[in-house]
Amino acid sequence: MIFDSYEAYRQAGFKPKVCILGSGPAGTTIARKLGAAGIPVVVLEAGSREFSDESQDFYRGKTVGDFYFDLDITRLRFMGGSSNHWAGWCRVLDSQDFEPKAWAPDTGWPISRADIEPYLGEVHDILELPDFRPDVPVSDDIRWVQLIKSPAVRFGEKFADELDKNKNIAVVLNTYATELIGDGRRVTGAKLWSNGQDAGTFTADYFVTCTGGLENSRLLLWSNERSNGGVVPNAAALGRYWMEHPTFQGGNAILANYSEFEVDASNEAFFSPTLVAMERLQIMNFGIRLIESPYPNVKKLIADLACTAPNMAEWMSTQLDQRLRCAAQLYVAWEQAPLASNQIELSKTDVDHAGVPRIELHWKKSPLERRTLLEGLRLFGTTLAQKNLGRVRIDEWISNGGDYPTNEETAGHHHMGGIRMGTDVLKSVVDANCKVHGMDNLYVGGSSVFCTSGQCNPTTTITALACRLGEHLSKVIAV
Amino acid sequence: MSRFISKMSRRAIVQALIALPALSLFRNQAAPANPGEIDPDEIVEINGWILRRSDLA
Ligand SMILES: Cc1cc2nc3c(=O)[nH]c(=O)nc-3n(C[C@H](O)[C@H](O)[C@H](O)COP(=O)(O)OP(=O)(O)OC[C@H]3O[C@@H](n4cnc5c(N)ncnc54)[C@H](O)[C@@H]3O)c2cc1C
């Protein structure tokens with residue numbers, strides 16, 4: 001059932017066991033799992049069926065530190081959440097991403113990839129993915145990896161009919177959960193804002209916040225402040241260890257034969273380091289994306305190479321004569337080192353229309369990441385040269401330690417961490433089942449729980465974790 | 001420079017650049033440790049390019 005207002009929902013007299021906040025990929029997936037298990041669940045969604053400037057305004061915030069997107073641009077606040085404009089790139093975190101890295105503090109998850117693998121079949125159906133191909137080693141240091149460009153499922157559109165027909169699920173639109181109320185063991189209710197006003201307190205046995213990788217932290221920080229620690233009793237890490245996938249053009253490559261690598265429908269290919277290489281160089285994971293260069297760029301590149309290596313340039317020029325596709329721009333996206341200082345805070349001066357403090361995001365890239373970018377390009381370039389597959393030129397600002405450009409991609413719009421999973425209450429907020437430490441009935445869905453980000457886009461892993469959490473909650477409730 | 005390049009054919013650009021004797025001045029070649037033992041497969045990084053030493057011939 002879908003209700004367009006909280007008032008309409010109230011009149012229906014539905015009695016939910018579980019209350020999910022947010023109808024993005026995480027919330028919708030968990031609701032479908034619970035509904036399928038016969039558990040009555042309500043999904044409170046702050047936005048409506050369509051985009052609106054009024055709703056989007058609640059997402060405004062401020063960033064302190066490195067340049068980042070405006071916080072009301074980097075996500076969407078209506079049914080289906082940011083899946084309404086995601087690009088659809090899919091890959092699950094690598095097994096190695098779950099492991100602690102001795103050279104990068106605060107890495108490692110309390111679960112392994114094997115814990116989410118049983119759900120990948122469901123994830124493939126939800127996201128409409130073909131099977132993933134195994135990585136292909138290019139050298140001891142570099143592997144070809146597959147990122148699938150999926151049809152970019154819009155969760156609101158795809159599942160609206162199903163949700164509407166399901167008698168176990170009630171989706172309530174235009175209903176903003178401004179605050180959870182807790183007594184240090186249980187969440188006892190959620191305060192709601194609907195139709196531009198206070199709409200009272202909502203109760204259910206279980207609460208799952210799936211409000212996105214920035215908003216989950218904001219909601220819990222504000223709720224905890226209002227409840228004097230009654231919502232997140234162990235709050236040392238709350239809002240901290242926030243991560244993105246910084247993304248910049250890092251150089252160019254001239255390729256002996258573009259078809260040497262498997263490319264996708266857009267002629268793009270992706271490469272990542274092996275664990276051995278990451279360990280040896282003490283760097284984070286990264287993904288290098290090969291994007292075919294337009295012809296004028298190729299000419300400039302060969303002229304540049306001629307200054308340094310004329311014979312090589314001549315050889316490349318011959319390649320260009322023989323093939324139209326022979327050069328690529330290299331975009332690098334990398335894993336951020338998890339840092340407690342990268343954190344979401346509540347603004348002390350700025351509140352939204354419902355009176356909830358807006359986000360102040362503190363975000364800086366670290367020297368370890370800078371090294372990852374440079375060494376990553378070197379690894380890739382060395383592999384291409386050693387195997388005679390091509391030659392790489394690293395952009396000057398990277399070789400010379402210059403500033404990050406501000407006119408480039410910047411990052412992936414991937415909001416991770418802030419409510420990370422773990423066993424140490426000083427460094428994590430939820431346990432391996434995504435339950436808030438010390439609370440009996442509060443769970444978190446989405447990439448807020450990520451301990452590390454790996455190099456790949458998060459939504460495939462978010463969906464797998466949501467299937468797992470849905471199944472876990474079904475079992476807990478059935479007992 | 002870019003207008004100059006765009007008017008020339010690809011091969012002509014490279015040949016013109018190679019023919020310029022002054023270019024060698026700009027070849028910031030890394031000197032081998034022992035000039036007698038040059039490993040042509042050694043990987044060197046010059047002007048941002050990651051090359052084999054033999055590329056510099
Ligand atoms: C431009 C762009 C491109 C992207 N491309 C990719 C990609 O190619 N691959 C990939 O894997 N990921 C991509 N992403 C990221 C992807 O969109 C997110 O990872 C994903 O949407 C997160 O799902 P979620 O359910 O956790 O949160 P969201 O999608 O953010 O959903 C949260 C929902 O909660 C609602 N809500 C918020 N606060 C409240 C509240 N207090 N009460 C009630 N409801 C609330 C919101 O309205 C929203 O519907 C992209 C993102 C952007 C912006």
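What you are looking at is a predicted structure, and each value in this text was computed from that prediction instead of being measured. Lettering of chains follows the sequences in order, A, B, ..., and the numbering in each one begins at 1.
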K.L.:
Looking only at heavy atoms, what is the nearest atom pair of A:S399 and B:G48, with distance?
P.N.:
OG-CA, 4.3 Å
K.L.:
So for atom CG, which belongs to A:D264, do other residues, nucleotides or ligands contribute more than 12 heavy atoms lying within a distance under 6.0 Å?
P.N.:
yes
K.L.:
Using non-hydrogen atoms and a 4.5 Å limit, figure out which bit of B:L51 sits close to chain A: side chain, backbone, both or neither.
P.N.:
both
K.L.:
Please indicate whether A:E279 has more than 12 foreign heavy atoms, meaning atoms of other residues, nucleotides or ligands, lying under 6.0 Å from its CD.
P.N.:
yes
K.L.:
Are B:W49 and A:L305 close enough, and set up right, to give a side chain to side chain contact (heavy atoms under 4.5 Å, CB included), and what steps lead you there?
P.N.:
CA-CA 8 Å; B:W49 284 98; A:L305 179 61; 3.5 Å; yes
K.L.:
Using ring-ring contact (aromatic ring centres under 6.0 Å, His included) as the criterion, list what pairs up with A:Y331, not counting sequence neighbours.
P.N.:
none
K.L.:
Tell me, which pairs form a side chain to side chain donor-acceptor pair (under 3.5 Å) where one or both residues lie in residues 377-393 of chain A, sequence neighbours left out?
P.N.:
A:S139-A:T383, A:D304-A:R393, A:E375-A:R378, A:R378-B:E45, A:N388-A:R391, A:R391-B:D55
K.L.:
Quick check: are there more than 12 heavy atoms from other residues, nucleotides or ligands sitting under 6.0 Å from CG of B:D41?
P.N.:
yes
K.L.:
What residue among A:I394, A:L384, A:L379 forms side-chain contact (heavy atoms from CB on, under 4.5 Å) with B:I50?
P.N.:
A:I394
K.L.:
State the SG-CD1 distance between A:C307 and B:I46, to the nearest 0.5 angstrom.
P.N.:
12.5 Å
K.L.:
With a 4.5 angstrom heavy-atom cut-off, could you sort out which part of A:L301 is near chain B: side chain, backbone, both or neither?
P.N.:
both
